[in-house]
Protein chains: 2
Amino acid sequence: MGDTIQSVERAAAILRLLASGPRLLGVAELARALGLPKGTLHGILRTLVKVGFVEQDAATGKYRLGATLLHLGSSYLDVNELRTRSLNWADALAGRSRESAWIGTLHEGHVLVIHHVFRPDDSMQTLQVGTYLPAHASALGKVLLAHDPYGEAAPPLAPHTGRTLVDPGALERELDQVRARGWAAEMEELVEGEVALAAPIKDPRGIVVGAIGIRGAVERLADGDAPRMEFVSYVRDAARAITRSLAH
Amino acid sequence: MGDTIQSVERAAAILRLLASGPRLLGVAELARALGLPKGTLHGILRTLVKVGFVEQDAATGKYRLGATLLHLGSSYLDVNELRTRSLNWADALAGRSRESAWIGTLHEGHVLVIHHVFRPDDSMQTLQVGTYLPAHASALGKVLLAHDPYGEAAPPLAPHTGRTLVDPGALERELDQVRARGWAAEMEELVEGEVALAAPIKDPRGIVVGAIGIRGAVERLADGDAPRMEFVSYVRDAARAITRSLAH
DNA sequence: TCCCGTCGTTCGACATTGTCGAACCCCTAG
DNA sequence: CTAGGGGTTCGACAATGTCGAACGACGGGA
């Protein structure tokens, strides 16, 4: 035995592939992507189907993710201490700012959204919990990158709007600023017309374990090129409150 | 090889145990629960940690679910065709009824919530997507049980309120009624003061693949002991609309 | 302070376990 | 009707994961 169980790793790789797009994948397709024989993959898939992690389309025989994963994912939310501790503060932040509130953590180079409160009095928003935001093009991401202990080799800085920071040097200078002043802003760098603010949440040892912020229309959150400072304080207040409550 | 990969199955069992409660579990604890040697479990856990499905607590060395699962779970939502097709209708149903709207499927004897729209103009609700409702004590569950092809051996009928149906015979009669009239009601059988209504969603072959419904305060949704029929039509309209749209 | 029990972890021999590729059947397209 | 691709099955092989004992660290009780 090396030091890691091959079949389990392969099963995980299959799940990740299935999750990478809404398309159903067939045995042959997966075999090509992973460079494994079809028979091998079939065995793993059969097992994954049995435990409910994968479902097989009755019509085409192709495979997709299974419902059990949805349940496991929502169980993760219960386990995540940062999230459970932050629920009330995120609600309060959304209430004070009257904007949508977000909590995220760094995960595999992206920002994983672990909580999301809709903007008050505004329906028709889709919940983003469990989705990724680009780290370099979101306020949450800037906060997390700025305090990331590993420097987390940045993936290619994909442009999302004309204002997205795509130059590594420019991003680095921005992160310096974030570290210096303790909060981050993202001015229409992810979606035209949207602005986001965020501040770091720290554990008792001072390590940044997450970020909380808000996102909303540029005309409400910004004044010219700069964010409105009242919203910055809302966000920083919330971050400080959560940091304090994490100190047991 | 039997017909299923042992290590993958064991990995899944570990994940399910970790998901069964918010408590962190140690190697020894898992070994006892699964009746396996500690060393074996450690190998699987190490692999699960590597792929991000499990995280190890730095302080205690115990294990909990990992963030990757949250992302996989939310990917499932994108893949689920029933859900993506129903999003707009659920929004519309919540809007017309001014109550929270729910969509669920039967999964391992429970109702798995795959979509949930908050009640309009009412914040401070927590999202229930990915959680289970008891099948025998919810309107969604009654609809799904009534049309379940396998008869799905009912787990023990746990009481939630004084009005929960705990007698298998009574439940069976209720299901007969649901089948006959095409919709289900749940009158304070899960939570005191709350009433729910639901109707079946069918695929092109006529098989029930899910249910949609609403849930709200008894004083709004019911009139004495009976549900208000206007809400019943809202729900049935939505269910029919989705059924129709599933016919491509 | 010491000791004991428990925890997570490591290790190496063993044989169980999963791997692999060819062959199979079914379906669709041409 | 054929050809090609899909998902699936099968059995021999050896690579693979399993197992239990032993290790070091931690922590609570006396």
Side-chain angles (χ1 to χ4, degrees), chain A residues 1-18 20-66 79 81 204-205 248, chain B residues 1-18 20-66 79 81 204-205 248:
Chain A
M1 168 167 60
D3 59 344
T4 176
I5 294 182
Q6 192 185 52
S7 48
V8 173
E9 245 181 336
R10 290 178 174 176
I14 292 175
L15 293 176
R16 247 196 286 269
L17 275 177
L18 289 175
S20 67
R23 242 180 66 260
L24 276 66
L25 299 179
V27 173
E29 216 165 346
L30 290 165
R32 252 178 280 115
L34 296 174
L36 293 172
K38 281 194 298 177
T40 304
L41 269 157
H42 182 69
I44 302 178
L45 282 168
R46 194 174 35 207
T47 310
L48 288 174
V49 168
K50 188 186 175 197
V51 298
F53 286 21
V54 160
E55 289 167 5
Q56 185 169 25
D57 189 77
T60 66
K62 293 184 183 301
Y63 295 90
R64 61 165 156 258
L65 293 181
V79 174
E81 192 188 349
R205 292 164 308 179
H248 283 176
Chain B
M1 168 166 60
D3 58 344
T4 177
I5 295 182
Q6 192 185 54
S7 49
V8 173
E9 247 182 335
R10 290 179 173 176
I14 291 175
L15 293 177
R16 248 195 286 269
L17 275 178
L18 288 175
S20 67
R23 242 180 66 259
L24 276 65
L25 299 180
V27 173
E29 215 165 345
L30 290 165
R32 250 179 282 113
L34 296 173
L36 293 173
K38 280 194 299 177
T40 304
L41 269 156
H42 182 69
I44 302 178
L45 282 168
R46 194 173 36 206
T47 310
L48 288 174
V49 168
K50 188 185 174 198
V51 298
F53 286 20
V54 160
E55 289 167 5
Q56 185 168 23
D57 190 78
T60 65
K62 293 184 184 302
Y63 295 90
R64 62 166 156 259
L65 293 181
V79 174
E81 192 188 349
R205 292 164 309 180
H248 286 176

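Note on naming: letters A, B, ... go to the chains in the order of the sequence lines (proteins, then strands), and numbering restarts at 1 for each one.
Going from the P atom of D:dC13 to that of C:dC14 covers 22 Å, rounded to whole Å.
OP1 and OP2 of D:dG6 both lie 4.0 Å or more from every side-chain N or O belonging to A:Y63.
Comparing A:G61 and A:R10 against DNA chain D, the residue whose closest nucleotide sits nearer the 5' end is A:G61.
In this entry the distance linking CG of A:D57 with C1' of D:dG6 reads 13 Å, nearest Å. Counting to the nearest Å, the P atom of C:dG18 and the NE2 atom of A:H42 are 15 Å from each other. If you measure from atom CG of A:L30 to atom C1' of D:dG6, you get 13 Å, rounded to the nearest angstrom. In this structure, CD1 of B:I44 is placed 10 Å from P of C:dG18, rounded to the nearest angstrom. Following rounding to the nearest Å, A:E9 (CD) and D:dT16 (P) show an atom-to-atom distance of 12 Å. For A:R46 and D:dC10, the CZ to C1' distance is 11 Å, given to the nearest whole Å. In this structure, B:L45 places its CG atom 14 Å from P of C:dC7, rounding to the nearest Å. D:dG6 atom P lies 8 Å from atom CD of A:E29, rounded to whole Å.
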Practice task
Kindly determine whether B:V79 and A:E55 satisfy side chain to side chain contact (heavy atoms under 4.5 Å, CB included), including the steps that lead there.
Solution key: CA-CA 11 Å; B:V79 174; A:E55 289 167 5; over 6 Å; no
Practice task
Tell me, with the steps shown, if A:R10 and B:V8 meet side chain to side chain contact (heavy atoms under 4.5 Å, CB included).
Solution key: CA-CA 9 Å; A:R10 290 178 174 176; B:V8 173; over 6 Å; no
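The distance from atom CD1 of B:I5 to atom CZ of A:R46, rounded to the nearest 0.5 Å, is 8.0 Å. With rounding to the nearest 0.5 angstrom, the NZ atom of A:K50 is 15.0 Å from the CG atom of A:L45. The distance from the CG atom of B:L25 to the CZ atom of B:R64 is 11.5 Å, given to the nearest 0.5 Å. A distance of 12.0 Å separates CG of A:L30 from NZ of A:K38, quoted to the nearest 0.5 Å.
Ranking D:dT18, D:dT8, D:dG6 by closeness to the B:Q6 side chain, first place goes to D:dT18. Checking D:dG7, C:dC7, D:dC19 against every side-chain atom of A:K62, the shortest atom distance belongs to D:dG7.
DNA chain D is contacted by A:R32, A:K38, A:G39 of residues 31-41 of chain A, taking any non-hydrogen atom closer than 4.0 Å.
In this structure, A:I44 and A:L36 have side chains that are not in contact, with every pair of non-hydrogen atoms separated by 4.5 Å or more.
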